[in-house]
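Worksheet: the structure to be examined is printed underneath.
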Amino acid sequence: MHVFLAGGTGVLGRRLVPQLVARGHQVTATTTSKAKLGLAEGLGATALVMDGLNPDSVGEAVTSARPDVIVNEMTAISMTHAGKPDIKHPDKWFSITNRLRSEGLDHLLAAAAANGVTRFFNQGYAAWNGEPRGGRVKTEDDPLNLMPGTVANPLLITLAQAEEKVLKFGGTVLRYGGFYGPGAIDDQVTLLRKRQYPLVGSGSGYSSWIHLDDAASATVLAVEQNATGVFNIVDDDPAPARDWLPYLAECAGAGKPFRVPVWLARLLAGDQAVFMMTEGRGFSNAKAKRELGWKLRYPSWREGFRAELAPAASNTRP
């Protein structure tokens, strides 16, 4: 198939292109910068510069590529999120990404319709944002938590609206867990090594993780099987912050994270950080494994964190 990959040089795109090419697919990968054209081409794709917020740019790119499938992985994370994460103000921190997930998605869906492309796959999110009531692990049938009344609400509403648009189009939503792997959590590791990433309260909030290579392999399977609907693309091991955060620090060669009370964390980091670490819900990957025949390279973040970070951690020790 000819796959049009919007966001082809992001952290996931860089892992997804080689897997698609290895399976015999033709890939057109977009980037926002001429400087990254060589990166996409080096991975085996035909590269295009595209402004996801410009409907003419999106329309021209899709029309020139004439793809069979569109996969939307557009974010502005690598461009705007360098340095210390601003978890207290996700509305500002994710402002451009939020626009790409709303306006940019609209432009891509319009271009797909104009060019007769009916197969559309879109990036969703399933890390800690499950409905806070009930069990700790959620399926695709459970509602998402939109955190009404908090600064995270606009971001979470945009994600929910994106799902509605894609499903109405007849497409597929891939709800990825928290990414880790090359380039995905460098900012978090830096904070851990500086002892600036504390554990909040009881640390009983659950999260789900996924290695970039496993996220890419699930995406390839979904594309090849023309899967439709919603799929949680997460590992087998949803876990509370009190388990994964100290382990991540250990793998990164950092000291044990400090523990701070909820009231102080809310003051310093905001409601989203407090919810994630104290009330967050993880997600089940049973549907993706059952319907896609998906097998993970890293079934648990325990294996993945160690494989990704232990070599680097050894280099940080005197």
Side-chain angles (χ1 to χ4, degrees), residues 1-17 20 25-82 86 89-125 154-174 176 179 183 219 223:
M1 289 176 286
H2 184 180
V3 179
F4 184 93
L5 176 56
T9 57
V11 291
L12 179 56
R14 294 197 297 266
R15 315 303 288 186
L16 181 53
V17 170
L20 287 166
H25 303 298
Q26 178 185 354
V27 181
T28 295
T30 76
T31 180
T32 58
S33 168
K34 289 183 179 180
K36 292 184 178 180
L37 290 174
L39 171 60
E41 291 167 352
L43 296 172
T46 299
L48 291 175
V49 173
M50 185 184 81
D51 179 355
L53 297 177
N54 184 319
D56 293 334
S57 178
V58 174
E60 290 169 6
V62 174
T63 299
S64 66
R66 301 175 61 85
D68 303 305
V69 181
I70 293 176
V71 178
N72 178 25
E73 304 289 358
M74 289 192 299
T75 71
I77 293 173
S78 62
M79 180 174 66
T80 61
H81 298 189
D86 189 0
H89 303 103
D91 53 335
K92 298 177 181 178
W93 190 32
F94 280 86
S95 60
I96 300 176
T97 293
N98 229 24
R99 290 185 62 197
L100 287 168
R101 287 172 170 167
S102 54
E103 300 166 44
L105 174 60
D106 290 343
H107 301 332
L108 270 177
L109 288 171
N115 287 275
V117 181
T118 59
R119 303 174 66 182
F120 195 101
F121 297 79
N122 198 65
Q123 181 180 133
Y125 187 64
L155 169 65
L156 296 168
I157 286 178
T158 297
L159 283 165
Q161 291 174 339
E163 290 195 0
E164 293 175 3
K165 294 173 185 177
V166 172
L167 295 177
K168 184 177 180 180
F169 186 84
T172 308
V173 176
L174 301 170
Y176 301 112
F179 287 148
T219 304
V223 167

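Please read all numbers here as calculations on a predicted model, not as lab measurements. Along the sequence shown, the residues carry numbers beginning at 1.
The two residues A29 and G8 come nearest to each other via the heavy atoms CB-CA, 3.9 Å. When all heavy atoms are compared, the tightest approach of M1 to V69 is SD-CG2, 3.9 Å. When all heavy atoms of A61 and F4 are compared, the closest pair comes out as O-CE1, 3.7 Å. The shortest non-hydrogen separation linking T30 to A6 is OG1-CA, 3.3 Å. A pairwise comparison of heavy atoms in A76 and T97 identifies N-OG1, 2.9 Å as the closest pair. Nearest heavy atoms, P154 versus N98: O-ND2, 3.8 Å.
In this structure, T28 and P67 have side chains that are not in contact, with every pair of non-hydrogen atoms separated by 4.5 Å or more. A heavy-atom distance below 4.5 Å is found between the side chains of L53 and L100.
No donor-acceptor pair closer than 3.5 Å links the side chain of S57 to the backbone N or O of M50. Between the side chain of H2 and the backbone N or O of Q26 there is no donor-acceptor pair closer than 3.5 Å. With hydrogens and angles ignored, the 3.5 Å screen pairs no side-chain donor or acceptor of R119 with any backbone N or O of D68. Between the T32 side chain and the D51 main chain, no donor and acceptor come within less than 3.5 Å of each other.
Screening residues 58-67 for salt bridge (Lys or Arg N to Asp or Glu O under 4.0 Å) gives no qualifying pairs among residues at least two apart or on separate chains. Among pairs with a residue in residues 94-104, those fulfilling salt bridge (Lys or Arg N to Asp or Glu O under 4.0 Å) read R99-E103, at least two apart in sequence or across chains. Applying the salt bridge (Lys or Arg N to Asp or Glu O under 4.0 Å) definition to pairs two or more places apart or across chains, those involving residues 160-170 are D106-K165, E163-R175.
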For side chain to side chain contact (heavy atoms under 4.5 Å, CB included), just list the numbers for L12 and Y176, CA-CA rounded to whole Å, side-chain angles, deciding distance to a tenth of an Å, and then say yes or no.
CA-CA 10 Å; L12 179 56; Y176 301 112; 3.6 Å; yes

Report the C-alpha distance between F120 and L105 in whole Å, list the side-chain angles of each, state the deciding distance to 0.1 Å, and finish with yes or no for side chain to side chain contact (heavy atoms under 4.5 Å, CB included).
CA-CA 11 Å; F120 195 101; L105 174 60; 3.7 Å; yes

Could you walk me through whether T219 and V71 pass side chain to side chain contact (heavy atoms under 4.5 Å, CB included), step by step?
CA-CA 9 Å; T219 304; V71 178; 4.2 Å; yes

Step by step, would you call M74 with L108 a side chain to side chain contact (heavy atoms under 4.5 Å, CB included)?
CA-CA 10 Å; M74 289 192 299; L108 270 177; 3.7 Å; yes

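Annotation: the span from S33 atom OG to L39 atom CG amounts to 10.0 Å, rounded to 0.5 Å. The line from OG1 of T75 to CD1 of I96 is 10.5 Å long, rounded to the nearest 0.5 Å. Taking CD of E41 as the start and OG1 of T46 as the end, the distance is 7.5 Å to the nearest 0.5 Å.
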